[in-house]
There are 4 protein chains.
Amino acid sequence: MSTKKLQVGVAGLGRMGKRHALNFHQNVPRATLIAVSSPDAAERQWAAENLAPHGVAVYESYDDMLSHNGLEAVCVASATSVHAEQAIKAVEKGKHVLCEKPLGTTVEVSQTVVDAASKRPELKVMCGFSRRFDASYRDAHAKMQQGLIGRPAVLRSQTCDVLDPSGFFVAYAEFSGGIFVDCSIHDIDLALWFFDEEKSKVKSVHAVGITAVEPDLRKHNDRDNAVGTVEFYDGRIAYLYASRMMAAGQEDSTEIIGTKGKLSVNILPADNHVRIYQPGGIRQELPQTYWDRFKAAFTTEAIEFTDSVLEDKPVPIKLASAVSAVKIGAALQESMVKGTKIWFDEQGNRTDRAQL
Amino acid sequence: MSTKKLQVGVAGLGRMGKRHALNFHQNVPRATLIAVSSPDAAERQWAAENLAPHGVAVYESYDDMLSHNGLEAVCVASATSVHAEQAIKAVEKGKHVLCEKPLGTTVEVSQTVVDAASKRPELKVMCGFSRRFDASYRDAHAKMQQGLIGRPAVLRSQTCDVLDPSGFFVAYAEFSGGIFVDCSIHDIDLALWFFDEEKSKVKSVHAVGITAVEPDLRKHNDRDNAVGTVEFYDGRIAYLYASRMMAAGQEDSTEIIGTKGKLSVNILPADNHVRIYQPGGIRQELPQTYWDRFKAAFTTEAIEFTDSVLEDKPVPIKLASAVSAVKIGAALQESMVKGTKIWFDEQGNRTDRAQL
Amino acid sequence: MSTKKLQVGVAGLGRMGKRHALNFHQNVPRATLIAVSSPDAAERQWAAENLAPHGVAVYESYDDMLSHNGLEAVCVASATSVHAEQAIKAVEKGKHVLCEKPLGTTVEVSQTVVDAASKRPELKVMCGFSRRFDASYRDAHAKMQQGLIGRPAVLRSQTCDVLDPSGFFVAYAEFSGGIFVDCSIHDIDLALWFFDEEKSKVKSVHAVGITAVEPDLRKHNDRDNAVGTVEFYDGRIAYLYASRMMAAGQEDSTEIIGTKGKLSVNILPADNHVRIYQPGGIRQELPQTYWDRFKAAFTTEAIEFTDSVLEDKPVPIKLASAVSAVKIGAALQESMVKGTKIWFDEQGNRTDRAQL
Amino acid sequence: MSTKKLQVGVAGLGRMGKRHALNFHQNVPRATLIAVSSPDAAERQWAAENLAPHGVAVYESYDDMLSHNGLEAVCVASATSVHAEQAIKAVEKGKHVLCEKPLGTTVEVSQTVVDAASKRPELKVMCGFSRRFDASYRDAHAKMQQGLIGRPAVLRSQTCDVLDPSGFFVAYAEFSGGIFVDCSIHDIDLALWFFDEEKSKVKSVHAVGITAVEPDLRKHNDRDNAVGTVEFYDGRIAYLYASRMMAAGQEDSTEIIGTKGKLSVNILPADNHVRIYQPGGIRQELPQTYWDRFKAAFTTEAIEFTDSVLEDKPVPIKLASAVSAVKIGAALQESMVKGTKIWFDEQGNRTDRAQL
């Protein structure tokens with residue numbers, strides 16, 4: 001094992017960007033955070049106070065950061081709308097890339113990243129689907145592969161955020177791609193992983209949604225609660241729920257139901273091992289954010305991405321998979337908005353109606 | 001409180017009929033089981049051994065049982081295909097009726113029972129949706145009505161039977177009406193109850209299904225795993241899962257998600273308060289059948305039906321509700337088989353496409 | 001199976017007496033409640049309103065009730081201080097007896113009931129240790145007997161009541177025999193049952209107690225929280241916790257730890273299958289009283305006692321066992337009050353100090 | 001924040017030593033592991049392969065390691081019998097010390113470390129009670145301090161290891177100080193922490209123990225299952241269970257019962273968020289070792305110890321507390337072996353019998 005460290009820059013210092021920057025700075029022994037960039041002055045101020053003292057360069061311009069001396073890899077954690085563009089620039093400059101999900105809000109945009117990466121096969125380019133790095137999901141996946149549940153046939157999965165009464169999600173919806181592309185993308189990725197996307201091809205998608213707490217989301221063709229169904233040609237079903245309305249905290253649960261058993265992940269969320277007994281009953285607290293639930297997974301993700309570069313190993317998730325996920329997510333969003341069921345043939349092309 | 005007891009007969013002595021007969025015999029202090037009927041010789045033999053010694057008359061013919069001296073009420077627990085016919089005959093003979101769900105496998109047949117009952121308003125006629133009598137569902141419903149979760153917006157519910165490798169379900173499917181009419185009918189009824197069917201009118205239904213373990217179910221247009229979505233005009237969603245493939249036991253769970261909180265019922269099933277610690281972990285056993293899970297509810301159902309007759313009170317569930325449930329269940333079944341999304345207008349008529 | 005019904009009277013109509021009376025009245029098909037007695041006018045008034053209309057005779061004098069025409073069995077549910085006296089009177093009058101625990105607050109008094117019963121072997125006399133009739137404890141006991149946990153070696157058990165700020169427990173302590181005789185008696189009985197009292201002889205007991213919320217309990221040599229240890233000659237330990245201070249509800253939990261596994265009963269109490277998700281977390285409510293937790297067990301107890309009389313079968317719990325339980329409970333109470341460890345020889349006699 | 005890193009050596013490379021060494025190497029950004037020592041050749045071989053390539057010096061002699069150039073702090077993770085001696089040597093050489101628990105197996109030996117440390121107040125010397133660094137225990141402690149449960153009155157805590165049929169624990173018992181000093185020391189430390197050792201002085205201890213699976217433990221005056229009770233002068237009780245016999249995995253649970261509520265930590269252990277549904281029920285796996293359960297706490301411990309040195313802050317746990325814990329543990333062990341209850345006066349001296 002070499003003692004060389006990967007020189008990393010983080011693009012974007014918003015909610016997720018800050019976390020990725022601190023994560024690379026504190027929790028990845030084989031990486032050194034050397035630069036960050038953000039067009040936002042307040043975010044740069046935060047970096048000036050928290051990262052610069054440790055020798056991290058702070059840039060306003062992403063392009064300038066890309067030219068930082070010695071930079072080897074970029075973690076793209078900016079707004080979704082610039083994910084693809086920034087990832088491609090980095091690739092073209094010869095940098096390895098860990099890109100936050102999704103690559104883009106459309107298949108076309110997402111595919112441009114894959115195309116760019118395919119021209120530079122020596123670079124490691126990965127879209128970070130954090131759940132694949134979570135210890136519990138990995139345990140479940142390993143147990144499934146050992147045959148513990150027979151053939152997995154039905155997957156139920158949800159990504160449900162705590163209610164944020166500030167209106168944040170309305171503004172956010174303008175560029176997020178919608179609740180299926182932003183939230184359910186995680187659950188879709190799980191379906192691709194547990195069902196094996198090489199074998200399971202999407203046959204149809206259908207979705208419905210409501211605005212129970214944020215009617216203004218409709219301005220951006222979005223909803224605050226949505227249910228989607230994905231049918232696969234090889235006789236499998238994934239059904240998904242996404243919400244911005246949870247009262248108790250972040251509730252990301254998954255069930256994988258097979259012909260001989262079932263695995264559940266986080267069916268009854270809890271933040272830690274504490275229970276509180278008071279008049280009214282026994283209570284357990286929940287993680288309040290996606291990051292709280294998955295912070296250890298983000299660390300594993302950053303460590304394994306770093307390892308794949310330093311040791312020239314394949315990245316843990318194929319980049320093309322990220323395009324498949326966006327394809328399904330965007331189709332679900334369209335189905336929800338238009339009220340139509342959407343069909344695909346076995347080659348993945350849209351079709352009027354599948355033969356039953 | 002009078003000490004008069006209701007004189008009850010039970011029609012059908014199959015799996016459920018036996019249970020209903022014993023239930024009325026042992027657990028309903030204000031009722032006396034006086035007669036049972038079954039066209040099946042083995043079932044009558046069982047009754048001869050277990051019920052006749054306690055003074056219960058055993059009939060081959062349902063019509064003959066209806067003429068039994070002193071009979072006041074009938075519990076129809078025969079095959080689904082004769083529910084309606086038997087219920088109507090009983091009504092026409094002036095008997096109160098507790099009918100197992102569903103009234104019929106089609107809306108038209110189910111409606112005939114309502115029509116017959118409406119001509120005899122002095123009779124108590126109820127379709128037994130057992131979950132409405134379960135202490136946990138009642139507690140959840142009461143908490144919802146107290147406003148604990150704000151406005152209920154999304155309901156997830158499942159009725160999932162343990163895997164029965166005997167092939168029982170294939171034969172059963174010929175007359176059951178299909179998995180949505182047989183299993184999900186319970187979850188549909190919960191949606192009607194929690195969302196208030198007076199206010200929430202169905203806008204669309206969509207379903208998909210697979211045969212993961214019982215391909216022969218397709219002969220009867222049925223599936224062993226199915227997922228359905230029901231959209232309501234007032235901005236609510238119910239999504240349902242039914243299965244014949246559970247490995248661990250009966251898994252009937254429900255979540256009611258409101259704008260200010262959530263209630264779950266049986267999210268982590270357990271048969272009792274015991275946990276078993278062995279190499280491999282901590283284990284809790286599950287009820288193996290629907291009856292095991294809901295037997296106390298069936299007793300409450302029988303007690304309350306009996307009370308409604310003896311005290312001339314309204315039955316706890318309006319009969320028309322049972323038709324609404326079949327309407328939704330049958331539409332889901334059709335959607336699953338045909339692959340189409342089905343729309344309704346606000347008057348409950350099918351329509352080509354709702355206006356969005 | 002005969003259709004004859006056991007004619008039952010209930011002595012005492014306090015908190016438990018009312019419940020036993022209603023239990024026999026409503027839930028025991030083979031018994032008929034025909035008489036009750038209470039020296040308390042308010043309690044008799046309750047009976048006049050709730051039981052008399054159903055043909056139940058109401059007596060002020062217990063002796064008078066014993067002479068009620070046709071009375072066959074008595075359920076003694078009066079104050080602990082008269083349990084033994086009333087049970088003996090009933091036996092001497094030739095009545096079967098189901099006596100609430102404990103038989104008495106001392107070994108000597110408890111033994112008088114056993115002596116009286118031994119002179120009338122044709123009568124069924126049982127002390128009602130309700131937990132032996134609970135479905136979960138029975139399941140655990142059966143699993144232990146099947147060898148699931150190897151040899152049971154350590155038993156942890158607790159009987160913990162919800163905090164009652166009314167001061168009820170102070171007055172109650174004057175006659176209850178103290179927290180070990182009143183509460184832990186259940187846990188002691190479990191130890192005798194799971195360890196097999198024929199084989200496991202008590203070697204030593206030790207206890208400590210505090211008054212965390214009710215200092216006035218010290219007037220009656222009692223405490224509101226107490227921990228006891230019971231050591232057995234065959235290398236087993238039971239350790240017990242009793243409390244009058246639970247905030248969330250009734251918490252009666254037990255663990256049986258064997259050489260190859262462990263069984264727990266009610267390790268995480270819950271009143272039903274509902275969970276409530278609100279800001280602050282996920283909450284489950286608890287039963288608030290011992291009766292709430294064990295009401296089904298009390299019904300089973302009454303049914304099985306009735307069956308043992310009607311079918312002339314042995315009662316489910318040997319009467320002598322109730323004396324053993326009081327012996328241990330009273331010794332624990334003494335150890336707690338005096339601060340001493342108390343030793344027994346293998347014949348059950350107190351001794352200065354066991355040989356180690 | 002300085003970028004200086006603490007130069008750390010680890011003494012002992014047995015089970016725990018390896019873990020501490022890797023922990024400092026991989027998980028503590030502000031520390032650099034520069035040296036390790038072990039008298040055991042196989043352990044040194046492991047270090048030669050796993051640590052030396054990263055620049056870590058490997059010593060046979062602890063004294064030689066102490067002289068390693070630049071060494072600033074030592075983590076003592078060797079056999080319990082040399083903890084005190086090695087800690088004192090390090091202090092005398094001017095090194096900061098993080099010592100695995102217990103300081104020694106007797107009060108006298110443990111006190112020598114405190115005495116040595118008190119002569120070098122500029123050094124940070126801490127005994128590592130890992131549970132004080134666990135997120136769940138910290139959350140519980142914070143909630144208690146916020147008054148959530150009123151005044152804590154009773155603490156139940158257990159340290160229960162998985163059954164190890166290899167006989168490891170017999171050999172280990174020769175030097176471990178016994179099950180109360182080796183295992184329950186954690187629970188005792190929790191009592192000192194939650195009850196506030198400044199206020200709560202021990203009044204009596206009592207313990208019993210058995211050898212259910214390892215009779216050979218008696219050779220070393222030890223047991224495989226033990227229950228202890230600790231009574232405090234200010235009206236509090238801690239009761240403890242330690243075992244080497246768990247079937248399912250590591251079971252370290254704690255309850256803190258206060259006058260207004262209760263907190264539990266890990267009442268139902270689980271290794272992760274996965275549940276497995278198979279015939280037989282729903283199962284959750286457990287951590288198999290103490291390290292598996294607390295590895296994150298060990299990292300926090302190492303990080304906070306490092307911070308306390310680099311920033312010259314008090315260590316998170318007062319060193320004298322470690323002597324108090326050994327005092328109670330050793331008295332419990334003595335009580336168990338001799339069969340006697342042991343009393344202390346309020347100054348902490350043994351006494352014949354406390355005044356009640």
Side-chain angles (χ1 to χ4, degrees), chain A residues 148-154 156 158 160 163 203-213 215 223-232 234-241 243 245-248 251 253 255 257-262 264 267-268 335-341 343 353-356, chain B residues 148-154 156 158 160 163 203-213 215 223-232 234-241 243 245-248 251 253 255 257-262 264 267-268 335-341 343 353-356:
Chain A
L148 218 68
I149 60 167
R151 180 180 192 265
V154 177
R156 177 175 80 80
Q158 67 179 41
C160 294
L163 179 69
K203 182 176 181 182
S204 75
V205 306
H206 169 264
V208 294
I210 56 174
T211 48
V213 287
R223 305 290 186 270
D224 51 32
N225 283 269
V227 172
T229 313
V230 184
E231 191 185 12
F232 293 86
D234 59 345
R236 312 198 205 221
I237 299 167
Y239 69 110
L240 319 173
Y241 174 46
S243 176
M245 194 178 79
M246 293 295 106
E251 290 195 43
S253 310
E255 293 180 275
I257 303 145
T259 51
K260 294 183 178 167
K262 184 176 112 174
S264 71
I267 199 75
L268 198 59
S335 170
M336 176 179 74
V337 172
K338 295 190 179 162
T340 52
K341 183 169 184 171
W343 297 86
R353 172 69 186 283
Q355 285 187 291
L356 292 177
Chain B
L148 219 68
I149 60 167
R151 181 180 191 266
V154 177
R156 176 175 80 81
Q158 66 179 43
C160 294
L163 178 70
K203 182 177 180 182
S204 75
V205 306
H206 169 264
V208 294
I210 56 174
T211 48
V213 287
R223 306 289 186 269
D224 52 29
N225 283 270
V227 172
T229 312
V230 184
E231 190 184 13
F232 293 87
D234 60 344
R236 312 199 204 221
I237 299 168
Y239 68 111
L240 319 173
Y241 173 46
S243 176
M245 194 178 79
M246 294 295 106
E251 290 194 44
S253 309
E255 293 179 276
I257 304 143
T259 51
K260 294 183 178 167
K262 184 176 112 174
S264 70
I267 199 75
L268 197 60
S335 170
M336 177 179 75
V337 172
K338 295 190 179 162
T340 52
K341 183 170 185 172
W343 298 87
R353 172 70 185 281
Q355 285 188 290
L356 292 175

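Protein chains get the first letters and strands the later ones, always in sequence-line order, with residue 1 at the start of each.
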| So which heavy atom on A/Gly258 is nearest to which on B/Met245, and how close? | O-CE, 3.2 Å
| query | Tell me, side chain or backbone of A/Arg156 under 4.5 Å from chain B's heavy atoms, or both, or neither? | reply | side chain
| Partners of A/Ala226 by side-chain contact (heavy atoms from CB on, under 4.5 Å), sequence neighbours excluded? | A/Ile179, A/Phe180, A/Met336
| request: Below 4.5 Å from any heavy atom of chain A, which atoms of B/Ala153 appear? Answer side chain, backbone, both or neither. | output: both
| said: If I measure from the heavy atoms of chain B, does A/Thr229 come under 4.5 Å with its side chain, its backbone, both, or neither? | reply: side chain
| request: Go through the atoms of B/Leu268 and report whether side chain, backbone, both or neither lie under 4.5 Å from a heavy atom of chain A. | output: side chain
| Side chain, backbone, both or neither of A/Ala212 within contact of chain B (heavy atoms, under 4.5 Å) | both
| query | Side chains of B/Arg223 and B/Ile210: closer than 4.5 Å at any heavy-atom pair? | reply | no
| B/Lys260: partners by side chain to side chain donor-acceptor pair (under 3.5 Å), with sequence neighbours left out | none
| said: Less than 4.5 Å to any heavy atom of chain B: does that hold for the side chain of A/Ile267, its backbone, both, or neither? | reply: both
| field | Between A/Lys341, A/Glu251, A/His206, the one whose heavy-atom pairs under 4.5 Å with chain B are most numerous | value | A/His206
| request: Decide whether A/Thr211 and A/Asp224 meet the rule of one side-chain donor and one side-chain acceptor closer than 3.5 Å. | output: no
| message | Is the ring pair A/Tyr239/B/Tyr239 parallel, tilted or perpendicular, if the boundaries are 30 and 60 degrees? | response | perpendicular
| Counting heavy-atom pairs under 4.5 Å to chain B, which of A/Cys160, A/Gly150, A/Gly235 comes out on top? | A/Gly235
